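Have a look at the structure below before the remarks.
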2 protein chains.
Amino acid sequence: MKCIPEKSEDRIREAAKRVFLKKGFDGTTSRDIAKEADMNIALTNYYFRSKEKLFLEIFRDLLEVYFQSTIDILNKDIDIKAKISEIIENDFSMMKREPDLVIFIMNEVHKAPGRLFPDMSIFKQLRSTYIKKQLEEGVANGTVRPMQIENLLPLIKCSIEFIFLGKEIHKELFALTDEEFEKYAEEQKEHIKEMVCNYLVIGP
Amino acid sequence: MKCIPEKSEDRIREAAKRVFLKKGFDGTTSRDIAKEADMNIALTNYYFRSKEKLFLEIFRDLLEVYFQSTIDILNKDIDIKAKISEIIENDFSMMKREPDLVIFIMNEVHKAPGRLFPDMSIFKQLRSTYIKKQLEEGVANGTVRPMQIENLLPLIKCSIEFIFLGKEIHKELFALTDEEFEKYAEEQKEHIKEMVCNYLVIGP
DNA sequence: GAATATTTTAAATGAATGTTTAAATTAATC
DNA sequence: GATTAATTTAAACATTCATTTAAAATATTC
């Protein structure tokens, strides 16, 4: 009987996820993963055939973690201001939950773009959310500044994600402790909410 | 006589810079560098003692490339709106000139923060630029929203840098060609300028 | 409960890693 | 131009890498 009830395959997957997120593909060795999972080195290849295959499987999962909640919010039937606010709050809590996620995804994609996108469905979903219609209507009746979702979404997401993605450099730059960084991030969040809403929505 | 007049040490440094920027520390081998420099493998250690030492030297240079021009602009004697505009333009052209720079710095710092900051002078410079005084004066006479440089600077820099840092994912996400991405980035630049200025400066 | 299939193990594989060596070549010094 | 110093070279170094092997241990099937 095992102390940890999970199946070996899942234990390796979860361990690999933790290590890849922390060290990236290049910085991770098969032995790192085996050690983190507390399993024999040969099992990685027994279950996943290669480090590359294991990585691709995990990457796909994490890409969904990164985008899915945003897509869900973009499809909600609430007004645009509330939607922006919710995306920012959601991004914020995602960054706290998974502080390595964005830099991991950005870095792996940057290094080898072609390698990582066998399944485009998550991107298709993102290109056709309900907010697209809302923006068009808002622009038509003059309440919203003419803007595509392609322009709006990065304006929203970049601000929160960038400070977390560069958390260590921001801490160093402004001489912040971990605690002070938390406070700083909260301040920033409020600035962003107001700044983006003010810019997007015309009138009082 | 050599065809390339540079000294060997500089050739290796420049080659290493290119490779490190492209592949990161973990993804780069000593042989990659030697091949890029078209030099014997042993010379890397002859001139720089180790891959790590060579990397640290290059990293320090690149950190300065990343921050120095921004510091210079922050110290200029021009009004705040012009300053913001200039920082954005400068960041934009830096991203076009050095598309790997930001993701490289962010990723290396993220993976091992303690390793990379032996010299803090560039950070000290950034914390005490002329714009600090400008902001304080603006807040005092009611023309500027109460905000620290610590909050303002990321609001400005994140927007431009994030879309370039995630260029490949943005291209994939919005199904853009390289050409279309350029156009998209230009649009985004104008949005950011207006959005940040509108937010920071109170009144018409 | 014997036969079969699945999972786990320790050990080995060959290639790639960062680094060093010692000899060969080139440059500088006197 | 001989002697010394600096540079470059090919080869080797010990480790570590991802992956494979074949045997052992465990589960499953009949």
Side-chain angles (χ1 to χ4, degrees), chain A residues 1-60 62 104 107-108 111-112 114-116 118, chain B residues 1-60 62 104 107-108 111-112 114-116 118:
Chain A
M1 197 182 70
K2 281 275 172 64
C3 294
I4 298 164
E6 281 178 284
K7 289 165 90 176
S8 297
E9 190 179 327
D10 296 327
R11 273 179 63 192
I12 294 168
R13 200 197 316 278
E14 292 308 311
K17 195 177 283 184
R18 287 193 296 275
V19 184
F20 278 138
L21 273 169
K22 197 62 73 194
K23 304 188 179 190
F25 182 82
D26 290 331
T28 299
T29 70
S30 299
R31 282 164 184 80
D32 288 337
I33 297 170
K35 201 174 178 187
E36 173 79 17
D38 195 26
M39 308 211 81
N40 187 283
I41 171 84
L43 289 175
T44 305
N45 282 47
Y46 176 74
Y47 284 108
F48 299 95
R49 295 185 51 202
S50 72
K51 180 190 165 190
E52 173 81 9
K53 291 236 167 63
L54 172 55
F55 175 79
L56 290 176
E57 197 170 302
I58 286 170
F59 182 84
R60 210 171 313 146
L62 290 176
F104 168 79
N107 193 52
E108 297 298 339
K111 273 189 306 191
R115 163 191 183 209
L116 300 163
Chain B
M1 197 182 71
K2 280 277 171 60
C3 294
I4 298 164
E6 282 177 284
K7 288 167 91 176
S8 297
E9 190 179 328
D10 296 327
R11 272 179 65 191
I12 293 169
R13 202 198 314 279
E14 291 308 310
K17 195 178 282 185
R18 288 193 296 275
V19 184
F20 278 138
L21 273 169
K22 197 63 73 196
K23 303 188 180 191
F25 181 81
D26 290 331
T28 300
T29 71
S30 300
R31 281 163 184 82
D32 287 338
I33 296 169
K35 201 175 178 188
E36 174 77 18
D38 196 27
M39 308 213 80
N40 186 281
I41 172 80
L43 290 176
T44 305
N45 282 47
Y46 176 73
Y47 284 108
F48 299 94
R49 297 186 48 204
S50 72
K51 180 189 164 191
E52 174 80 9
K53 291 237 168 59
L54 173 54
F55 175 79
L56 290 176
E57 197 169 302
I58 286 170
F59 183 84
R60 210 169 315 147
L62 290 176
F104 167 80
N107 193 51
E108 297 298 340
K111 273 190 305 191
R115 163 190 184 211
L116 301 163

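Predicted model, so just to flag it, every value in this text is computed and none were measured. So you know, we letter chains A, B, ... as the sequences are listed, proteins then strands, and number each from 1.
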For every nucleotide of nucleotides 13-25 of chain D, 5' to 3': is a protein heavy atom under 4.0 Å from its base (B), only from its sugar-phosphate (S), or from neither (-)?
----BBBBB----

Applying salt bridge (Lys or Arg N to Asp or Glu O under 4.0 Å), can you list everything that pairs with [X], at least two apart in sequence or on another chain?
X: B/Lys22; answer: B/Asp100
X: A/Arg31; answer: none
X: A/Lys23; answer: A/Asp32
X: B/Asp38; answer: none

Apply side chain to side chain donor-acceptor pair (under 3.5 Å) to B/Arg60 and list each qualifying residue two or more places apart in sequence or on a separate chain.
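Scan of B/Arg60 (side chain to side chain donor-acceptor pair (under 3.5 Å), adjacent residues dropped) gives none.
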
Length of the line joining [X]:[atom1] and [N]:[atom2], which is rounded to integer Å:
X: B/Phe48; N: C/dT20; atom1: CZ; atom2: P; result: 15 Å
X: B/Lys7; N: D/dA6; atom1: NZ; atom2: P; result: 13 Å
X: B/Leu56; N: C/dG18; atom1: CG; atom2: C1'; result: 15 Å
X: A/Glu6; N: C/dT8; atom1: CD; atom2: P; result: 13 Å
X: A/Asp38; N: C/dT9; atom1: CG; atom2: C1'; result: 14 Å
X: B/Met39; N: C/dT25; atom1: CE; atom2: P; result: 17 Å
X: A/Ile12; N: C/dT7; atom1: CD1; atom2: C1'; result: 11 Å
X: B/Glu9; N: D/dT8; atom1: CD; atom2: C1'; result: 15 Å

Checking all strands, does B/Tyr47 fall into the base, sugar-phosphate, or nothing category for heavy-atom contacts under 4.0 angstrom?
sugar-phosphate

Given the side-chain rings of B/Phe20 and B/Phe55, with only the six-membered ring counted for Trp, is the space between their centroids under 6.0 Å?
yes

